[in-house]
Amino acid sequence: MIWGANCVLAIVAITVAAFASCKKNAEISNPYASIPPAVQNDNPDVDDLPQGSFAWLHGKIFKPTCANSGCHDGTFEPEFRSIAGSYNSLVNHPVIANDPDNSFQYRVVPFNSNASFVHERLTTFVPNTSGQMPLEVFDSDWVGNEDFYVSKITEWINAGAKDIYGNAAPSATANTPPLVYGLAVFPQGNTTTPYPREVDSPYGIGAIEVPSGLVDVWILPFDDNAGVDQFAGIDLKASLSLTDFTSPLTSTFSLQSPITALDFGDTPNQFYYKATLDLSAASAGDFYYLRCYVDDGAQPQPTEIPNDSSQSFWYLFFSLKVM
């Protein structure tokens with residue numbers, strides 16, 4: 001469990017060490033506990049994710065090693081159960097615990113693993129804390145892969161602590177752009193049977209297979225400042241070209257009663273935004289590439305997701321194949 005020092009409720013401040021132990025806070029409910037079971041929309045297997053990317057780090061390390069019941073499972077920060085919570089409770093996030101000299105300001109400092117407290121907790125026994133992380137390992141292959149996993153976390157931090165799409169983290173004082181952490185496509189009006197992904201795709205990641213006609217696209221946008229109902233607008237474009245979105249099919253996402261589906265980290269989460277895409281003119285075999293334009297009201301223009309700077313994996317992941 002990474003970050004045992006931040007998992008504690010100090011009922012009586014007897015010692016600093018007691019404050020740093022990893023115990024479940026009985027007065028704080030897990031925000032994921034009430035989310036109903038999710039529809040099984042297709043997400044990539046963790047081994048298909050770009051190695052060393054944050055999505056890979058979450059799937060291989062943070063979620064299986066740290067998101068144990070009563071620890072970093074959404075009950076308290078850092079939150080490692082969801083991929084969005086993991087990134088946003090690490091990168092440029094102020095520390096709660098610290099070393100005796102108060103040497104650290106943030107859990108992850110982009111481009112500087114030596115100044116990142118998460119790196120210190122993984123590699124050093126920090127005095128006045130519960131010990132080197134993880135304290136215990138349950139359903140993870142951390143044992144036997146520790147050096148490799150620590151090296152990948154170190155590389156990720158020193159490369160700029162990039163988000164799941166490969167964008168370098170903004171400065172600690174900047175407003176973080178919104179991201180999309182989940183995608184599911186359904187028949188129009190259906191919320192129980194998502195379309196599956198292509199099996200044995202020659203590209204490694206299969207497109208979502210859909211018929212010509214109307215389909216519903218649901219997404220999970222996240223912003224560190226805007227609430228779920230506070231986005232200024234979210235648009236959808238679909239293009240037959242991988243990179244040319246000058247003449248796309250268009251639609252607009254609207255706020256809906258939520259459905260529960262799996263986010264990109266295979267965590268059940270609530271999807272509130274739906275757009276209906278008209279593929280009536282499409283032919284069998286056509287590939288459409290999707291891009292979302294999320295306006296959080298704070299950026300100078302809507303954030304394009306994925307965009308031309310994203311890792312190519314995401315172009316494939318945000319794609320539809322007409323059957």
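Hydrogens, waters and symmetry mates play no part in the numbers below; they use all other heavy atoms, side chains included.
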To the nearest 0.5 Å, atom CZ of F54 lies from atom CZ of F264 at 14.0 Å
Taken to the nearest 0.5 Å, the spacing of T192 OG1 from Q40 CD works out to 12.5 Å
Joining Ile, Leu, Val, Met, Phe, Trp and Tyr whenever any side-chain heavy atoms lie under 4.5 Å apart, the cluster holding F287 also takes in L242, F245, Y289, Y293, Y315
Contacts of Y181 meeting ring-ring contact (aromatic ring centres under 6.0 Å, His included) (sequence neighbours excluded), chain-then-number -> none
When T65, D141, T154 are each screened for side chain to side chain donor-acceptor pair (under 3.5 Å) with Y149, the one that passes is D141
Output for pair (D48 CG, F313 CZ), nearest 0.5 Å, gives 7.0 Å
- Co-membership, hydrophobic cluster, residues W156 and F148, 4.5 Å side-chain: yes
Rounded to the nearest 0.5 Å, the CG atom of L57 sits from the CD1 atom of I164 at a distance of 12.0 Å
Any side-chain donor near an acceptor of the partner, T267 and K63, under 3.5 Å
yes
Closest non-hydrogen atoms of P177 and T303, given as atom of the first, atom of the second and distance, are CB-OG1, 3.8 Å
Given the options M133, R121, Q132, V126 meets side chain to side chain contact (heavy atoms under 4.5 Å, CB included) only with R121
*Quick one: are Y273 and F231 in side-chain contact, heavy atoms under 4.5 Å?*
yes
Partner of R291 under side chain to side chain donor-acceptor pair (under 3.5 Å), picked from D308, D235, N307, T243, is D308
CG of D266 to NE2 of H58, rounded to nearest 0.5 Å, is 9.5 Å
Query raised in the report: Hey, does V108 have a side-chain heavy atom less than 4.5 Å from the side chain of Y87?
Result: no
Are F117 and F104 an aromatic pair, judged by ring center distance below 6.0 Å?
yes
Of all heavy-atom pairs linking N175 and Q299, the shortest is OD1-NE2, 2.8 Å
Heavy atoms of P221 and I234 approach each other most closely as CG-CD1, 3.9 Å
Rounded to the nearest 0.5 angstrom, the CG-CD distance for N88 and E79 is 10.0 Å
Could you verify whether a donor N or O on one side chain and an acceptor N or O on the other, from D278 and S280, lie under 3.5 Å apart? yes
### Query
Under a 4.5 Å side-chain heavy-atom rule over Ile, Leu, Val, Met, Phe, Trp and Tyr, are L183 and V199 clustered together?
no
Are L240 and L290 co-members of a hydrophobic cluster defined by side-chain heavy atoms under 4.5 Å apart?
yes
Taking every heavy atom of W142 against every heavy atom of V150, the minimum-distance pair comes out as CH2-CG2, 3.8 Å
Residues 153-181 vs salt bridge (Lys or Arg N to Asp or Glu O under 4.0 Å), sequence neighbours excluded, gives K152-E155
Inset, instruction - Report yes or no: does D263 contribute a side-chain atom to a donor-acceptor pair with the main-chain N or O of G182 at less than 3.5 Å? - result: no
Note, P78 side chain near H93 side chain (heavy atom, < 4.5 Å)
no
Heavy atoms of N269 and S82 approach each other most closely as ND2-CB, 4.4 Å
Looking only at heavy atoms, the pair that brings V95 and Y106 closest together is CG1-C, 3.5 Å
Query raised in the report: With a 4.5 Å heavy-atom cut-off, do V294 and V180 have their side chains touching?
Result: yes
